S.K.: 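Below: one structure in structure tokens.
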Number of protein chains: 2
Amino acid sequence: MPLSHAPLRRKVTLIDIAAACGVSRATVSLVLRGSPLVNRDTRARVQAELQRQGYIYNRAAANLRRRTTSSIALVVNDLGNPFFAEFAAGVDEVVGAAGFVTLLGSTGESAERQQAVLGSLVEHNPGGVILSPAEGSEAARVMDALGPQMPLLMFNRELEGEAPASAPWDTLMLDNARGIGLATEHLIARGHRRIAFFGGHARSTPGQQRRAGFLAAMKRAKLEVPSGFLVESAPNRLDAARASAVLLDLRTRPTAAVCYNDAVALGLMLAMGRRGMRPGRDLALTGFDDIDEAALASPGLTTLATAPRERGRQAARLLLARLGHPHEPGQRTTVPVELVIRESSCPPPAA
Amino acid sequence: MPLSHAPLRRKVTLIDIAAACGVSRATVSLVLRGSPLVNRDTRARVQAELQRQGYIYNRAAANLRRRTTSSIALVVNDLGNPFFAEFAAGVDEVVGAAGFVTLLGSTGESAERQQAVLGSLVEHNPGGVILSPAEGSEAARVMDALGPQMPLLMFNRELEGEAPASAPWDTLMLDNARGIGLATEHLIARGHRRIAFFGGHARSTPGQQRRAGFLAAMKRAKLEVPSGFLVESAPNRLDAARASAVLLDLRTRPTAAVCYNDAVALGLMLAMGRRGMRPGRDLALTGFDDIDEAALASPGLTTLATAPRERGRQAARLLLARLGHPHEPGQRTTVPVELVIRESSCPPPAA
DNA sequence: GGCTACATTTGGATCGTTCTATATCCGGAC
DNA sequence: GTCCGGATATAGAACGATCCAAATGTAGCC
């Protein structure tokens with residue numbers, strides 16, 4: 001695929017500075033890197049000249065020669081999703097503080113685009129990749145794009161297919177099952193018996209885990225889950241609002257719904273409002289993520305806080321730590337989530 | 001087999017492919033770039049070998065040799081702000097489609113950090129920079145970090161100080177004054193007479209423009225603006241909630257408030273709720289940005305839609321167009337915003 | 001003066017590509 | 001048999017930095 005490239009004007013290089021100071025390139029290079037080997041006077045002269053000519057270090061050239069990198073690639077599904085935006089902010093914070101630069105890519109939740117994005121990013125030779133995979137992305141294809149050497153940290157979702165033993169990756173996952181378990185138990189404790197699980201794709205990693213957490217909690221409490229009480233939707237507000245009808249039109253409605261995430265819960269609330277139902281009174285519900293809107297919604301949404309910015313920082317730290325040791329076995333990290341109780345998880349009408 | 005001293009396998013380069021195929025580096029290079037000069041058979045052989053060895057193109061080396069770039073730097077205040085997150089998503093979309101990669105930096109609204117971030121990004125030799133400047137950033141310092149040649153697009157805010165004639169930049173600004181004018185006129189049309197302007201920093205570019213738009217509209221309608229009706233705050237929810245007291249404690253309260261942006265409006269709504277006041281009944285208000293939460297809040301927030309993702313796309317297109325022509329005069333683009341009427345802008349109690 | 005020790009400086013070679021100019025092969029025209 | 005032109009292929013010098021080994025200068029010591 002042909003790519004367009006922009007022409008550049010001639011820039012000031014080491015050679016220009018060296019010539020102006022009457023020293024060699026090597027000396028200027030040493031000054032740039034703060035080596036103690038250069039004489040005080042020489043250093044001062046060179047530094048003045050660097051300033052005067054407005055020299056800009058060419059890190060790409062240095063990286064080429066030194067066979068190093070100074071960037072990290074970050075690939076997320078959609079920056080428009082506040083969860084990922086916060087995550088990205090956290091990643092960039094730590095990556096930047098470590099003197100690296102973040103190469104951004106977004107997939108729009110398409111495995112095809114993800115493949116193209118990875119292919120493009122990897123050509124820029126990042127030190128490693130933080131990937132929040134698009135739904136349905138396969139391990140084999142990802143490894144194909146990245147090569148076997150690239151340090152890789154998977155966030156939030158697993159890839160489909162096995163990790164080759166030769167090229168393990170690190171993972172950073174939320175404790176989805178336990179989180180949803182907490183929410184479910186909270187609703188049960190408030191007296192609910194007919195509880196549904198609403199939204200998300202059943203086959204995605206978090207979807208599986210969250211459903212599993214829900215079902216396990218219900219089983220522990222010896223409560224039935226009628227088949228109509230498991231409703232799928234895309235993990236966004238719009239599609240959730242659409243899918244709400246399936247739940248709300250049931251002959252025997254649940255008294256509470258554990259939602260896949262906050263966006264879905266907010267979509268359900270929207271749909272309820274349109275029918276004149278009041279969330280938190282006519283139906284209790286919980287979310288997942290604790291996005292800003294959760295606190296703001298009316299009623300406030302009971303949800304699971306995941307601290308996405310801190311997760312971003314953590315992801316960056318994990319990947320940076322891995323850079324030096326590309327061949328050690330992949331490390332799996334699961335972070336707990338915290339139940340934040342607000343008004344949406346009211347007791348059932350009967351109680 | 002012990003792995004302890006396993007050498008890190010060198011990356012595959014042109015030379016490896018050339019050697020394996022019995023051709024020269026130049027030929028492989030031509031194949032990579034799809035030149036018609038190579039024989040069909042040779043091309044096929046080389047391509048098979050590229051595949052077989054898992055060759056990854058080193059764009060940094062190519063850019064060095066060709067004196068080109070394949071990246072764009074994007075510097076925003078805070079990705080956690082949905083407005084900028086959407087903007088960034090739009091930028092990356094177009095930048096990626098043009099075969100470039102986005103280098104991300106965020107300033108956390110600090111001119112100091114911005115300086116460091118720009119310094120770090122510019123070493124990676126981006127083709128241009130899209131900058132949404134931190135408050136109080138000065139033209140001279142920014143130009144100092146970027147050098148006089150770097151194509152630059154300023155979004156949303158102006159820099160303090162003059163653009164040097166030698167190095168103009170492009171700007172993409174929202175039509176703040178007109179937008180706020182629309183909101184103000186809308187409230188006046190609904191019957192409000194005592195209207196305040198709430199939130200934002202008076203000295204920031206959008207702050208100045210929005211205040212000016214408000215004052216102009218009030219003047220056109222021959223309405224007074226008592227001095228207490230101009231309240232400042234940081235442009236976020238938290239500080240706005242804090243600053244709300246100043247407005248709500250006034251002896252003669254306004255019946256409506258034009259807010260600096262949605263975050264500020266939501267903060268004001270929050271503060272009202274705590275006092276038992278109902279936004280949209282006890283006080284009408286409007287926002288700016290039309291973030292997702294605006295539609296969701298209760299009551300829905302009347303606001304000005306800025307379509308931040310589309311603005312991001314537009315910014316990227318403007319900058320990409322500029323890459324080829326770095327010396328043409330800077331171009332100023334102002335985009336209109338659209339009034340979205342919801343329930344928060346109710347008529348005053350009297351009417 | 002010759003020697004070593006230390007501080008400072010430097011000329012290539014090199015990283016992985018691309019560019020320029022030149023080389024080679026081949027078949028057909030003369 | 002020579003010459004020519006088109007089609008392919010290639011060697012070697014870039015690009016802007018860093019690394020290495022070696023060179024230079026300076027001082028102290030015998």
Side-chain angles (χ1 to χ4, degrees), chain A residues 2-3 5-47 49-50 53-70 122-127 147 149, chain B residues 8-47 49-50 53-70 122-126 147 149:
Chain A
L3 299 173
H5 296 272
L8 285 184
R9 288 243 328 192
R10 207 186 128 52
K11 283 188 179 165
V12 181
T13 75
L14 276 193
I15 302 193
D16 303 310
I17 307 296
C21 293
V23 297
S24 73
R25 304 185 314 287
T27 303
V28 179
S29 176
L30 290 173
V31 169
L32 280 176
R33 286 172 290 153
S35 160
L37 292 181
V38 277
N39 184 284
R40 285 175 56 98
D41 294 352
T42 314
R43 177 195 311 283
R45 248 187 323 140
V46 169
Q47 270 166 343
E49 190 63 22
L50 288 168
Q53 295 202 30
Y55 171 79
I56 290 177
Y57 186 71
N58 185 331
R59 199 170 287 277
N63 281 335
L64 175 59
R65 172 59 181 130
R66 304 182 51 194
R67 302 161 142 231
T68 56
T69 344
S70 52
V122 82
E123 292 184 350
H124 289 85
N125 189 31
Q149 310 276 355
Chain B
L8 197 139
R9 208 172 65 189
R10 258 194 52 235
K11 277 191 183 160
V12 180
T13 75
L14 278 193
I15 303 192
D16 303 311
I17 306 296
C21 293
V23 297
S24 73
R25 303 186 313 288
T27 303
V28 179
S29 176
L30 290 173
V31 170
L32 280 176
R33 287 173 291 154
S35 160
L37 292 180
V38 277
N39 183 286
R40 284 175 55 98
D41 294 353
T42 313
R43 176 193 311 284
R45 246 185 327 137
V46 169
Q47 270 166 346
E49 191 62 23
L50 288 168
Q53 295 202 29
Y55 170 79
I56 289 177
Y57 186 69
N58 185 332
R59 197 169 290 277
N63 281 334
L64 175 60
R65 172 60 231 228
R66 302 182 52 197
R67 301 162 139 237
T68 57
T69 339
S70 52
V122 82
E123 292 184 350
H124 289 85
N125 189 29
Q149 310 277 353

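Not measured: the values here are computed from a predicted model. Here is the naming used below: chain letters follow the sequence lines, and residue numbers restart at 1 for every chain.
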S.K.: Go through C/dT10, D/dT18, C/dG16 for me and flag the one nearest to the A/Tyr57 side chain.
M.R.: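 The nucleotide sitting nearest to the side chain is D/dT18.
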S.K.: Between A/Ile15 (CD1) and D/dA17 (C1'), how many Å, whole number?
M.R.: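 Distance check: A/Ile15 CD1 to D/dA17 C1' gives 9 Å.
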S.K.: Check for a donor-acceptor pair, side chain of B/Arg43 on one end and backbone N or O of B/Ser35 on the other, with a separation under 3.5 Å.
M.R.: yes
S.K.: Please determine, for the side chain of A/Leu30, which listed nucleotide (C/dT17, D/dG16, C/dT10) has the closest atom?
M.R.: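 Per side-chain heavy atoms of A/Leu30, the pick is C/dT10.
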S.K.: Any donor-acceptor pair under 3.5 Å between the side chain of B/Arg65 and the base of C/dT17?
M.R.: no
S.K.: Between P on C/dG16 and CD1 on B/Ile17, what's the gap in Å once rounded to a whole number?
M.R.: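 The distance from CD1 of B/Ile17 to P of C/dG16 comes to 13 Å, rounded to the nearest Å.
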S.K.: Grab the CZ-C1' distance between A/Arg45 and C/dT8 for me, whole Å please.
M.R.: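 The distance from CZ of A/Arg45 to C1' of C/dT8 comes to 12 Å, rounded to the nearest Å.
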S.K.: Starting at atom CZ of A/Arg25, determine the distance to atom C1' of D/dA17, rounded to an integer number of angstrom.
M.R.: 9 Å
S.K.: In whole Å, what is the span from the CG atom of B/Asn39 to the P atom of D/dT10?
M.R.: 11 Å
S.K.: Mind listing the closest non-hydrogen atom pair of A/Ala61 and B/Leu64 along with its distance?
M.R.: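 Closest pair (atom of A/Ala61, atom of B/Leu64, distance): CB-CD1, 4.1 Å.
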S.K.: OP1 or OP2 of D/dA9 sitting under 4.0 Å from any side-chain N/O of B/Thr27?
M.R.: no
S.K.: If you compare every side-chain N and O of B/Ser29 against the phosphate oxygens of C/dT18 (OP1, OP2), does one of them come in below 4.0 Å?
M.R.: yes
S.K.: Any chance you could measure B/Leu37, atom CG, to B/Thr42, atom OG1, to the nearest 0.5 Å?
M.R.: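 Reported to 0.5 Å precision, the distance equals 11.5 Å.
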S.K.: Quick one: CG on A/Asn63 to NE2 on A/His124, what's the gap to the nearest 0.5 Å?
M.R.: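 Going from the CG atom of A/Asn63 to the NE2 atom of A/His124 covers 12.5 Å.
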S.K.: Between B/Leu64 and B/Arg33, just flag the one whose closest nucleotide in DNA chain C comes earlier from the 5' side.
M.R.: B/Leu64
S.K.: Go through C/dT18, D/dT10, D/dG16 for me and flag the one nearest to the B/Ala26 side chain.
M.R.: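 Nearest to the side-chain atoms of B/Ala26, counting from C-beta on, is D/dT10.
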S.K.: Please figure out whether B/Arg43 or B/Ala61 has its closest DNA chain D nucleotide nearer the 5' end.
M.R.: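 The answer here is B/Arg43.
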S.K.: Between D/dT10, D/dC15, D/dT8, which nucleotide has the shortest distance from any of its atoms to the side chain of B/Leu37?
M.R.: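 From the listed options, D/dT8 comes nearest.
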S.K.: With respect to the side chain of B/Ser24, which nucleotide from C/dT10, D/dA17, D/dT10 is positioned closest?
M.R.: D/dT10
S.K.: Calculate the interatomic distance between A/Leu32 atom CG and D/dA17 atom P; express it in whole Å.
M.R.: 8 Å
S.K.: My understanding is that only residues two or more places apart in sequence, or in another chain, count here; which of them pass side-chain contact (heavy atoms from CB on, under 4.5 Å) with B/Ile15?
M.R.: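 Counting only residues at least two positions away or on another chain, B/Ile15 forms a side-chain contact (heavy atoms from CB on, under 4.5 Å) with B/Thr13, B/Arg25.
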S.K.: Does A/Leu50 form a side chain to side chain contact (heavy atoms under 4.5 Å, CB included) with A/Leu32? I'd like the steps, not just the answer.
M.R.: CA-CA 9 Å; A/Leu50 288 168; A/Leu32 280 176; 3.8 Å; yes
S.K.: Between C/dG16, D/dC15, D/dA17, which one does the side chain of B/Asn58 approach most closely?
M.R.: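 Within the option list, the nearest is C/dG16.
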S.K.: Please work out the stems of DNA chain D from pairs that are Watson-Crick or G-U wobble with both distances under 3.5 Å, keeping only runs of three or more consecutive pairs.
M.R.: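 Stems found: C:1-30 with D:1-30.
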S.K.: Between atom CZ in A/Arg59 and atom P in D/dA17, what is the gap in whole Å?
M.R.: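 My rounded result for the distance is 11 Å.
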S.K.: Do the side-chain N or O atoms of B/Thr42 get closer than 4.0 angstrom to the phosphate oxygens (OP1, OP2) of D/dA9?
M.R.: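 Answer yes for this pair, as a side-chain N or O of B/Thr42 is under 4.0 Å from OP1 or OP2.
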S.K.: Tell me whether the OP1 or OP2 atom of C/dG16 has a side-chain N or O from A/Arg67 closer than 4.0 Å.
M.R.: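 For A/Arg67, the contact criterion (side-chain N or O under 4.0 Å from OP1 or OP2 of C/dG16) is met.
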S.K.: Regarding B/Lys11 and B/Asn58, do their side chains bring together a donor and an acceptor under 3.5 Å, going by distance alone?
M.R.: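 Note: B/Lys11 and B/Asn58 side chains miss the donor-acceptor criterion.
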S.K.: How many angstroms lie between CD1 in B/Ile56 and CD in A/Glu123, if you round to the nearest 0.5 Å?
M.R.: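 One finds 8.5 Å between CD1 of B/Ile56 and CD of A/Glu123.
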S.K.: Nearest whole Å is fine: how far is C/dC15 P from B/Leu14 CG?
M.R.: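 The distance from CG of B/Leu14 to P of C/dC15 comes to 13 Å, rounded to the nearest Å.
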